[in-house]
Number of protein chains: 4
Amino acid sequence: MAESKAPDSTRRSEKSRRAIYAAALSLVGENGYAKTTIEGIAARAGVGKQTIYRWWPSKAAVLLEAFLDLGEQAAEAAEAAGADGAYEIPDTGDLAADLKLVLRATVDELNDPTFEAPTRALAAEGIVDAKIGAEYAEKLLEPQAALYVRRLRAAQEAGVVRDDIDPRTAMELLTGPIVHRWLLRTLPLTHAYADSLVDYALNGLAPRPPRH
Amino acid sequence: MAESKAPDSTRRSEKSRRAIYAAALSLVGENGYAKTTIEGIAARAGVGKQTIYRWWPSKAAVLLEAFLDLGEQAAEAAEAAGADGAYEIPDTGDLAADLKLVLRATVDELNDPTFEAPTRALAAEGIVDAKIGAEYAEKLLEPQAALYVRRLRAAQEAGVVRDDIDPRTAMELLTGPIVHRWLLRTLPLTHAYADSLVDYALNGLAPRPPRH
Amino acid sequence: MAESKAPDSTRRSEKSRRAIYAAALSLVGENGYAKTTIEGIAARAGVGKQTIYRWWPSKAAVLLEAFLDLGEQAAEAAEAAGADGAYEIPDTGDLAADLKLVLRATVDELNDPTFEAPTRALAAEGIVDAKIGAEYAEKLLEPQAALYVRRLRAAQEAGVVRDDIDPRTAMELLTGPIVHRWLLRTLPLTHAYADSLVDYALNGLAPRPPRH
Amino acid sequence: MAESKAPDSTRRSEKSRRAIYAAALSLVGENGYAKTTIEGIAARAGVGKQTIYRWWPSKAAVLLEAFLDLGEQAAEAAEAAGADGAYEIPDTGDLAADLKLVLRATVDELNDPTFEAPTRALAAEGIVDAKIGAEYAEKLLEPQAALYVRRLRAAQEAGVVRDDIDPRTAMELLTGPIVHRWLLRTLPLTHAYADSLVDYALNGLAPRPPRH
DNA sequence: TGATAACCGAGACGGTACGTCCTGTCTTGAG
DNA sequence: CTCAAGACAGGACGTACCGTCTCGGTTATCA
């Protein structure tokens, strides 16, 4: 059942891999994803084209891995810098405040022009190419999602979220609209919007029956 | 001070335009958007390439117009078939039921494999190309959004939605998560999910204080 | 029975054709045939690669045509310069002298370093590729051969060559050894050698019976 | 002052060498010389590419050696089969008949489709690459030429060829036209042609003065 | 009798050129 | 003027080989 033509990854050149990541990221930053070519990446990385085609199935796959590598390096750096490893959504007891904090951070990140082009490009590629999409979701989205789920479960245990709520769906109620606005650029993405979403989601749209 | 190179649209060939729409849609359906080329569209439409370049700025623009045209034709057909023109979200008095109805329809539409490829392609293009994205949002998303806003305002007047709620944000609370799941394929898109969203959005995640 | 994909030669760019000829000849002169690439020819000619692939089946075909064109232009120039058009082997009545004259000229031409590289390259290509070889023979060799045949026929009429001799074979008796030496570089190619060939061929190797 | 990178030929793998010869010859036979690659030879021979690059400077050199080896093996086989080793042109006393015999054999050999492709390929390579050409001439052509020279010298001693004839040039008068026809495919190569060449060469083209 | 060189198979590497495809522009001839 | 047709310059595609290199794994002398 082994792949007949799989290259021998033990002999892979680490130097080339890193150079390809760097070249891909810089070219996408400079010219945009559409104008970035495999040929251009190879040239800037000082690498033969075949070395890219040998290890990646597509331009999108290269960029995705480069992105993931960037994240991993940042994580390692953070860990080395003293943090206790796993980042978590804070739990101050005030769920609304905690969620607003992280959603505002997400909003800021999405509005950061540095990351905008490559992130949009990857998202677009993932929308069309299921393979890329799955990897994108698994590697970039899922870890983030898990944080929300943990915080929401804690909230359920603390009694501030109903027990019959599915944390996953609850998370999507918060992040879905933000991603939607960012992707489709329908309306500006602001801190106020993030706050509104938290309030609406936690308390619902229907009026509360008045206490007696 | 008119555009020096603007073609004279009064002399435009209607037949060619329709042939281009048909060719574009069929080719995207057969081979996917990425493998569809302007040359291929021109060939299948029996049209010179210049005729496409003269009237559209990009492949995405062609497909977008083809899509809009499809919608318009469907609308005209529906109108001719007897309906009173403007479609609306029903108002039975039961907001939750009404919303579930339309959200389930949206889910079905998004799951329809016929429309999947071109819709994803357009969405992806819109994510990367702001021009396309704006037109996409204005022509395809906005009319749909307006229906929700109207229905939610009616609900506010009826007192089943709080007055301080922004209908636009409320709408995004419902459709955002659905679009998000569809685009990123994180989890399957079902009627049950649509129902949950309505319930969560209307009632919130936090427990209601007990009536006295 | 028409070719399905034949390009329309009436719309062919004369300028590009000439530029391709010039580029091909100069590159072969500079770097040799083997190191001359279609890509290089296209680049120097300021032409798209497809323009070469559209009109020629191979690098050898390009060079062959370029060579033929060179000959035609030289011929036109000569004609314009006053000559009476068709060049002929002179007929002074002394066959041996006349043949030595042209064979010495041929030797000089083959020893000319300017023409050596491209001519060898074309000959080599023709040896391997029958199509090229046939065109090479027809366009470059045949006209030359016809001159010999005419001169030898005149010699037969004048009674200095036996009537039962095939002029074609006779010609090959003269040129074959020269071409052979040139191609295979077995021994140097000199005027003396050319003279010997004429003497040997005209008088034979066997001793003449003594006159009475 | 020895070559710093010369491999140690005493440790050379005989098995690999033979496998490379066999692979080279079979691939040239199957696909032609141009489509035969060093990589392909190595793969079929079950040999690393470096083993070829270590011992041969070029593809042509590999094929040339393979060819020579073929000839040597044939010679050894012939010797073992009883012959007295050195082959010679027969000397029956009738020079014309003897020459016709060997020239007809040469014609048959050149017309043998089995040897055609590789022989043409080698000849073509030798025409362009002087190094290969020299080796080709020395190893394959020279031994053959020596046979002619010996037979012609014997003819001179017997008085059937004039003493002032250069045997080498005389030989070229016979073989040159045949090789020429074969290489350039101008006209078919037949026994009759070989016979004519012998007659023309021996007796010359000019009429003999009538005996008194 | 190990050390220590070589050759060896294998195949990744930086490159070059291939021949194909498509882009967006330009030109031609018909209507 | 628009249109169908398609040639053009340009350039990226993905593939095939080039010739070099590095990697274990056998041999096959020498210490």
Side-chain angles (χ1 to χ4, degrees), chain A residues 5-13 15-17 19 34-43 45-55 57-59, chain B residues 7-13 15-16 19 35-43 45-55 57-59, chain C residues 5-13 15-16 19 35-43 45-55 57-59, chain D residues 6-16 19 35-43 45-55 57-59:
Chain A
K5 294 284 174 112
D8 178 352
S9 51
T10 65
R11 304 186 52 183
R12 186 167 181 182
S13 163
K15 205 177 70 178
S16 294
R17 213 191 62 201
K35 287 188 180 171
T36 298
T37 65
I38 290 192
E39 222 158 56
I41 294 171
V47 139
K49 279 203 286 180
Q50 203 60 19
T51 300
I52 298 183
Y53 285 111
R54 182 153 33 229
W55 301 110
S58 68
K59 182 174 66 163
Chain B
D8 179 352
S9 53
T10 64
R11 306 191 53 176
R12 183 169 182 183
S13 162
K15 204 177 69 178
S16 293
K35 288 188 180 172
T36 297
T37 65
I38 290 192
E39 223 161 54
I41 295 171
V47 139
K49 280 201 291 177
Q50 200 59 264
T51 302
I52 297 183
Y53 283 110
R54 191 160 18 235
W55 301 110
S58 68
K59 183 173 66 162
Chain C
K5 293 284 173 110
D8 179 351
S9 53
T10 65
R11 305 186 52 181
R12 185 167 180 182
S13 162
K15 205 176 69 176
S16 293
K35 288 190 181 170
T36 297
T37 66
I38 291 193
E39 221 157 57
I41 295 171
V47 139
K49 278 202 288 179
Q50 202 62 10
T51 300
I52 298 183
Y53 284 110
R54 182 154 34 231
W55 301 111
S58 68
K59 182 174 66 163
Chain D
D8 178 352
S9 54
T10 64
R11 306 190 54 177
R12 185 169 181 183
S13 162
E14 182 65 13
K15 204 177 70 177
S16 293
K35 287 188 180 171
T36 297
T37 65
I38 291 192
E39 225 161 53
I41 294 171
V47 139
K49 282 200 289 178
Q50 200 59 267
T51 300
I52 297 183
Y53 284 109
R54 188 160 22 232
W55 301 109
S58 69
K59 180 174 67 162

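Residue numbering restarts at 1 for every chain, and letters A, B, ... go by the order of the sequence lines.
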Is it true that the NZ or CZ of D/Arg12 lies under 6.0 Å from the centre of D/Trp55's six-membered ring and within 45 degrees of the ring axis?
->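 Judged by the rule, D/Arg12 and D/Trp55 form a cation-pi pair.
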For residues D/Ala19 and D/Ala45, report the shortest heavy-atom separation together with the two atoms involved.
->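 Answer, listing the atom of D/Ala19 first, then D/Ala45: O-CB, 3.6 Å.
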Any N/O donor-acceptor pair, [X] side-chain to [N] base, under 3.5 Å:
| X | N | value |
| --- | --- | --- |
| D/Lys49 | E/dG11 | no |
| C/Arg11 | E/dT28 | no |
| B/Gln50 | F/dC3 | no |

Are any of A/Thr51's side-chain N or O atoms less than 4.0 Å away from OP1 or OP2 of E/dG14?
->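 Yes, because at least one side-chain N or O of A/Thr51 sits under 4.0 Å from OP1 or OP2 of E/dG14.
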Please determine if a side-chain N or O atom of A/Ser16 lies less than 4.0 Å away from the OP1 or OP2 oxygen of E/dG14.
->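 For E/dG14, OP1 or OP2 has a side-chain N or O of A/Ser16 closer than 4.0 Å.
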Starting at the 5' end of DNA chain E and moving along, which residue's nearest nucleotide shows up first, B/Pro57 or A/Ala42?
->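 The residue whose closest nucleotide sits nearer the 5' end is A/Ala42.
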Pick the nucleotide of DNA chain E nearest each of C/Tyr53 and A/Val47; which residue has the one closer to the 5' end?
->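 Nearest nucleotide further toward 5': that of A/Val47.
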Atom-to-atom span, CZ of B/Arg54 to C1' of F/dA5 - whole angstrom =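 Atom CZ in B/Arg54 sits about 12 Å away from atom C1' in F/dA5.
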Could you state the CD1-P distance from C/Ile38 to F/dG10, rounded to the nearest angstrom?
->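 Value for this atom pair: 17 Å.
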If an axis is fit to five pairs at each end of the helix from E/dG2-F/dC30 to E/dG31-F/dC1, what is the angle between the two, to the nearest 10°?
->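 The value is 10°.
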